[in-house]
Amino acid sequence: MSYAAVSGGETRIHPTAVVEPGAQIDLGVEIGPYAVIGPEVCIGAGSRIGPHVVLDGRVRMGRGNRIFPGASIGAEPQDLKYNGAPTEVVIGDDNAIRECVTINRATHEGEQTRIGNGNLLMAYSHLGHNCDLGDRIVIANGVAVAGHVVIADRAVIGGVLGIHQFVHIGTMAMVGGMSRIDRDVPPFAIVEGHPGRLRGLNRIGLKRSGLAELDGGAQLKQLQQIWSQIYRGDAVLADALREVRQQTLLPPAETLVSFLEASIGPGRRGPLPAGRS
């Protein structure tokens, strides 16, 4: 492929690409054939924009991102409440956004759809308006994420599933493929099923994270004990949370309990119920 070199010879833009005046392209960016870059787009250094990618609207992208062929980022939200407000998509560093992924900008003025750092969004996944993703998340092929979904760091989302609007997914949760996720997924949990149900702690993920070695294993041990107290006891969730608050919680247990307390509070969908482990 033939590229035109700009910015001191370090940025390469294919002759068939359309880069609108006003777009900000940092050094070391590569833009492939037939890509379309809108006038309000900012692309950070070292990013690679593949063939037929469309970056539209206000898109701010950090360094070292790889956008694969056919992806569309920053288009108007699929929301009937959208009235043309100048909303944004903000993307961090070192993300891989695979073929034909779609990411919509937010709905109302001053709002953003946000993606952190080091995430992998596999082919044909969709990220709706006003979503907020943390870091090092994996979203597998064909996942449809509705608007206002929050996904915390290091969560893994299996393929060909839907996530309901306003759902929160906690850190290091693992969601099995083809599940239906219509309520919050607690941190460190494994979820699968249609409808989705909690199946237990993500023990393999927790061990791979190094948590098993922290404080001589005390953090993992307490997390397991708190999980059992909440989900295997006879108390309703709100009462179980009050009971576990009577002890000093180490960071992982505090993360779990705080998430569940927020999930049963106003404006949230509540956590998924437990199923058979």
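Computed from a predicted structure; not experimentally measured. Sequence positions, counted from 1, serve as the residue numbers for this chain.
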Which value, rounded to the nearest 0.5 Å, describes the distance between [X] atom [atom1] and [Y] atom [atom2]?
X      : Y      : atom1 : atom2 : result
Asp56  : Glu20  : CG    : CD    : 9.5 Å
Glu99  : Ser125 : CD    : OG    : 10.5 Å
Leu198 : Ile190 : CG    : CD1   : 10.5 Å
His164 : Arg183 : NE2   : CZ    : 11.5 Å
Ile103 : Leu121 : CD1   : CG    : 5.5 Å
Ile139 : Asn141 : CD1   : CG    : 11.5 Å

Side chain to side chain donor-acceptor pair (under 3.5 Å) test vs Gln225 passes for just one of Lys221, Gln222, Gln229, namely Gln229
Knowing that exactly one of Arg58, Arg105, Gln112, Arg114 qualifies, which makes a side chain to side chain donor-acceptor pair (under 3.5 Å) with Glu88?
Gln112
Write down the atom of [X], the atom of [Y], and the distance for their closest heavy-atom approach.
X      : Y      : result
Asn202 : Met172 : ND2-O, 3.1 Å
Gly170 : Ala155 : O-CB, 3.9 Å
Ala23  : Gly38  : CB-O, 3.4 Å
Val244 : Leu249 : O-CD2, 3.8 Å

Decide whether [X] and [Y] are clustered together by the hydrophobic rule: side chain heavy atoms of Ile, Leu, Val, Met, Phe, Trp, Tyr closer than 4.5 Å, transitively.
X      : Y      : value
Ile73  : Met122 : no
Leu120 : Val143 : no
Phe188 : Ile230 : yes
Ile264 : Val185 : yes
Ile91  : Phe68  : no

Sequence-distant partners of His108, side-chain contact (heavy atoms from CB on, under 4.5 Å), two or more places apart:
Lys81, Glu111
Should [X] and [Y] count as side-chain neighbours, where that means a heavy-atom distance under 4.5 Å?
X      : Y      : result
Pro33  : His52  : no
Tyr82  : Pro77  : yes
Cys131 : Leu133 : yes
Ile37  : Ile49  : yes
Met61  : Cys42  : no
Pro252 : Leu211 : yes
Val257 : Leu241 : yes
Ile157 : Ile169 : yes

With a 6.0 Å cut-off (strictly less than), is the heavy-atom count around [atom1] of [X], excluding the residue itself, greater than 12?
X      : atom1 : value
Arg208 : CZ    : no
Arg63  : CZ    : no
Tyr231 : OH    : yes

Between the side chains of [X] and [Y], is a donor N or O closer than 3.5 angstrom to an acceptor N or O?
X      : Y      : answer
Tyr124 : Arg98  : no
Asp79  : Thr107 : yes
Asn119 : Asn95  : yes
Glu76  : Asn104 : no

[X] side chain vs [Y] backbone, donor-acceptor pair below 3.5 Å:
X      : Y      : answer
Ser228 : Gln224 : yes
Ser47  : Val29  : no
Asp93  : Gly118 : no

Under the side chain to side chain contact (heavy atoms under 4.5 Å, CB included) criterion, do Leu161 and Val175 qualify, and how do the steps go?
CA-CA 9 Å; Leu161 59 80; Val175 179; 3.7 Å; yes
Asn117/Asp94 under side chain to side chain contact (heavy atoms under 4.5 Å, CB included): CA gap, chis, key distance, verdict
CA-CA 6 Å; Asn117 306 312; Asp94 301 315; 5.7 Å; no
Less than 4.0 Å between a side-chain N and a carboxylate O, is that true for Arg245 and Glu254?
yes
Residues Arg199 and Glu192 bridged, charged N to O under 4.0 Å:
yes
What orientation do Phe259 and His168 show, parallel under 30°, tilted 30 to 60°, or perpendicular over 60°?
perpendicular
Has Arg269 got its NZ or CZ under 6.0 Å from the middle of the six-membered ring of Phe166, at an angle within 45 degrees of the ring axis?
no
For Leu260 and Asp184, what are the C-alpha separation, side-chain angles and deciding distance, and is it a side chain to side chain contact (heavy atoms under 4.5 Å, CB included)?
CA-CA 9 Å; Leu260 291 171; Asp184 292 350; over 6 Å; no
Apply the side-chain contact (heavy atoms from CB on, under 4.5 Å) test between Leu127 and each candidate in Val101, Thr102, Ile115; give the one that qualifies.
Ile115
